[in-house]
Amino acid sequence: MEEGNQSEVSEFILLDLSNQPEQKLLFFLFLLMYLITGLGNLLIMLATNSDSHLHTPMYFFLSNLSLVDICFTSTTIPKMLNNHISKNRTIPYTGCLTQAFFFIWFGGNNSLLLASMAYDRYVAICNPLHYSTVMTQRVCAILVLISWSWSYSNALVHTILLTQLSFCGHKEIPQFFCDLSSLLKLACSDTFINDLMVYTMGALTTFLPFIGILISYAHIFMAVMKISSVSGKQKVFSTCGSHLTVVCLFYGTIIGVYFSPTSTHTAQQDTAATVMYTVVTPMLNPFIYSLRNKDMKGALGKLFGAYRSLSLL
């Protein structure tokens with residue numbers, strides 16, 4: 001068997017929509033969801049940057065999350081749609097590793113940004129008098145920079161380690177994109193170091209931020225219980241409800257795919273759960289953050305109003 005960075009497999013085969021019933025309907029459904037995701041998150045970014053009332057830490061993090069969601073979905077969906085149109089389910093070896101790199105990068109970035117947003121809500125609710133001195137522009141910029149750079153380093157390490165593996169024989173990936181865990185299962189060389197880095201760096205990128213979010217909301221919940229007025233409690237829940245909903249959708253499906261026993265679910269269930277956090281959650285984020293947020297609704301209204309004014313000129 002050939003060792004090192006030489007691979008005996010020049011391409012991989014991805015799961016295609018053609019394997020599913022109602023394939024044409026699924027194709028247009030995924031295309032529609034991708035367009036909604038791009039447009040919705042783009043509007044969030046434009047609204048937060050154009051309205052001075054939204055130049056706050058919470059919306060700064062939200063704007064970055066919207067950018068990551070656009071990149072996250074663009075890593076997988078266009079290739080899947082192209083495969084369906086061309087009837088070609090293959091992806092080159094280098095293309096597969098490139099897709100895996102960007103998927104790990106933006107996925108980890110998503111996790112870290114959600115943790116930053118939870119910390120922002122914790123400071124705002126549990127230490128409101130010190131909020132302006134704690135959540136400064138410099139601190140927010142550092143948190144975002146850490147999120148982007150750490151997730152990039154994590155993706156780079158995993159990708160470099162993938163190039164050291166040999167792939168031979170079976171080359172069909174049971175996903176519609178090049179998933180790291182699926183690639184490791186296809187390797188015919190020792191994956192001990194790869195698995196070790198998945199557990200260590202994966203814990204720092206996904207599990208540790210999730211624990212941080214849980215701790216933040218535990219403190220927030222205790223602070224809310226001390227509020228005597230019902231209106232005060234409702235105000236706090238309204239500011240945290242959107243973020244908590246996104247956290248549950250994102251981490252809930254990831255835990256269902258990667259941390260539950262494989263014997264308890266089928267390949268179809270895995271695919272459905274994967275679609276939830278790779279496609280559905282990024283699409284729902286703009287709606288979750290805007291429908292229950294008066295400031296965001298106002299900013300979007302101003303944005304559409306400015307567009308109408310320009311179109312009439």
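Note that the numbering runs from 1 along the sequence shown for the chain.
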How many angstroms lie between atom [atom1] of [X] and atom [atom2] of [Y], to the nearest 0.5 angstrom?
X: Ser147; Y: Ile142; atom1: OG; atom2: CD1; value: 13.5 Å
X: Phe221; Y: Leu214; atom1: CZ; atom2: CG; value: 13.5 Å
X: Leu184; Y: Leu161; atom1: CG; atom2: CG; value: 9.5 Å
X: Ile104; Y: Ser153; atom1: CD1; atom2: OG; value: 12.5 Å
X: Tyr93; Y: Thr98; atom1: OH; atom2: OG1; value: 10.0 Å

Is there a donor-acceptor pair under 3.5 Å between the side chain of [X] and the backbone N or O of [Y]?
X: Asn41; Y: Pro286; result: no
X: His84; Y: Met80; result: no
X: Ser242; Y: Ile288; result: yes
X: Thr90; Y: Glu11; result: no
X: Thr133; Y: His130; result: yes
X: Ser182; Y: Cys178; result: no
X: Ser189; Y: Ser166; result: yes
X: Thr48; Y: Met45; result: yes
X: Asp179; Y: Gln175; result: no
X: Gln99; Y: Phe177; result: no

(request) Assign the ring pair Trp148 / Phe106 to parallel, tilted or perpendicular, where the plane angle (0 to 90°) is split at 30° and 60°. (result) perpendicular
(request) If the plane angle is over 60° it's perpendicular, under 30° parallel, otherwise tilted; pick one for Phe101 and Trp105. (result)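 Tilted, since the angle between the ring planes falls between 30° and 60°.
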Do [X] and [Y] belong together in a cluster built from hydrophobic side chains that touch within less than 4.5 Å?
X: Met58; Y: Ile146; answer: no
X: Met197; Y: Phe102; answer: no
X: Leu42; Y: Leu62; answer: yes
X: Ile70; Y: Phe30; answer: yes
X: Ile211; Y: Trp150; answer: no

Got [X] and [Y] here, is their nearest side-chain heavy-atom distance under 4.5 Å?
X: Tyr34; Y: Ile77; value: yes
X: Tyr277; Y: Phe72; value: yes
X: Leu180; Y: Asn194; value: no
X: Tyr119; Y: Met135; value: yes
X: Ile220; Y: Cys240; value: yes
X: Ile173; Y: Ile13; value: no

(request) Answer yes if the ring centres of Phe103 and His158 are under 6.0 angstrom apart, and no otherwise. (result)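 Ring centroids of Phe103 and His158 are no less than 6.0 Å from each other.
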(request) Would you confirm whether the ring centroid of Phe167 sits within less than 6.0 angstrom of the ring centroid of Phe12? (result)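 They qualify: ring centres under 6.0 Å apart.
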(request) Evaluate the side-chain contact (heavy atoms from CB on, under 4.5 Å) criterion for residues Asn83 and Asn88: first the C-alpha distance (whole Å), next the side-chain angles of each, then the deciding distance (0.1 Å), finally the verdict. (result) CA-CA 5 Å; Asn83 286 357; Asn88 181 10; 5.5 Å; no
(message) Let's go through Phe61 and Leu143 carefully: what are the C-alpha distance in whole Å and the side-chain angles of both, what is the deciding distance for side-chain contact (heavy atoms from CB on, under 4.5 Å) to 0.1 Å, and is it a yes or a no?
(response) CA-CA 9 Å; Phe61 292 130; Leu143 288 174; 3.8 Å; yes
(request) Could you tell me whether His55 atom NE2 has more than 12 heavy atoms of other residues or ligands within 6.0 Å of it? (result)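 Enclosed.
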Restricting to non-hydrogen atoms, name the atom on [X] and the atom on [Y] that form the minimum distance, rounded to 0.1 Å.
X: Ala223; Y: Ile125; answer: CB-CG2, 4.3 Å
X: Ala203; Y: Pro209; answer: O-CD, 4.1 Å
X: Leu97; Y: Thr159; answer: O-CG2, 3.9 Å

(request) Test side-chain contact (heavy atoms from CB on, under 4.5 Å) on Asn127 and Val134 and set out the steps. (result) CA-CA 9 Å; Asn127 297 286; Val134 174; over 6 Å; no
Do [X] and [Y] have side-chain N/O donor and acceptor atoms under 3.5 Å apart?
X: Ser66; Y: Tyr289; result: no
X: Tyr152; Y: Asn109; result: no
X: Tyr251; Y: Thr206; result: no

(request) Among Val279, Thr278, Leu284, Asn285, find the one that has a side chain to side chain contact (heavy atoms under 4.5 Å, CB included) with Thr281. (result)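 The passing option is Asn285.
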(request) Decide yes or no on side-chain contact (heavy atoms from CB on, under 4.5 Å) for Tyr217 and His243, but give the supporting numbers first. (result) CA-CA 11 Å; Tyr217 274 101; His243 177 256; 2.7 Å; yes
(message) Test side chain to side chain donor-acceptor pair (under 3.5 Å) on Asp120 and Tyr131; report intermediate values, then the result.
(response) CA-CA 9 Å; Asp120 172 71; Tyr131 181 75; 2.5 Å; yes
(request) Show your working on side chain to side chain donor-acceptor pair (under 3.5 Å) between Asp69 and Asn110 and close with a plain yes or no. (result) CA-CA 8 Å; Asp69 281 340; Asn110 207 319; 2.9 Å; yes
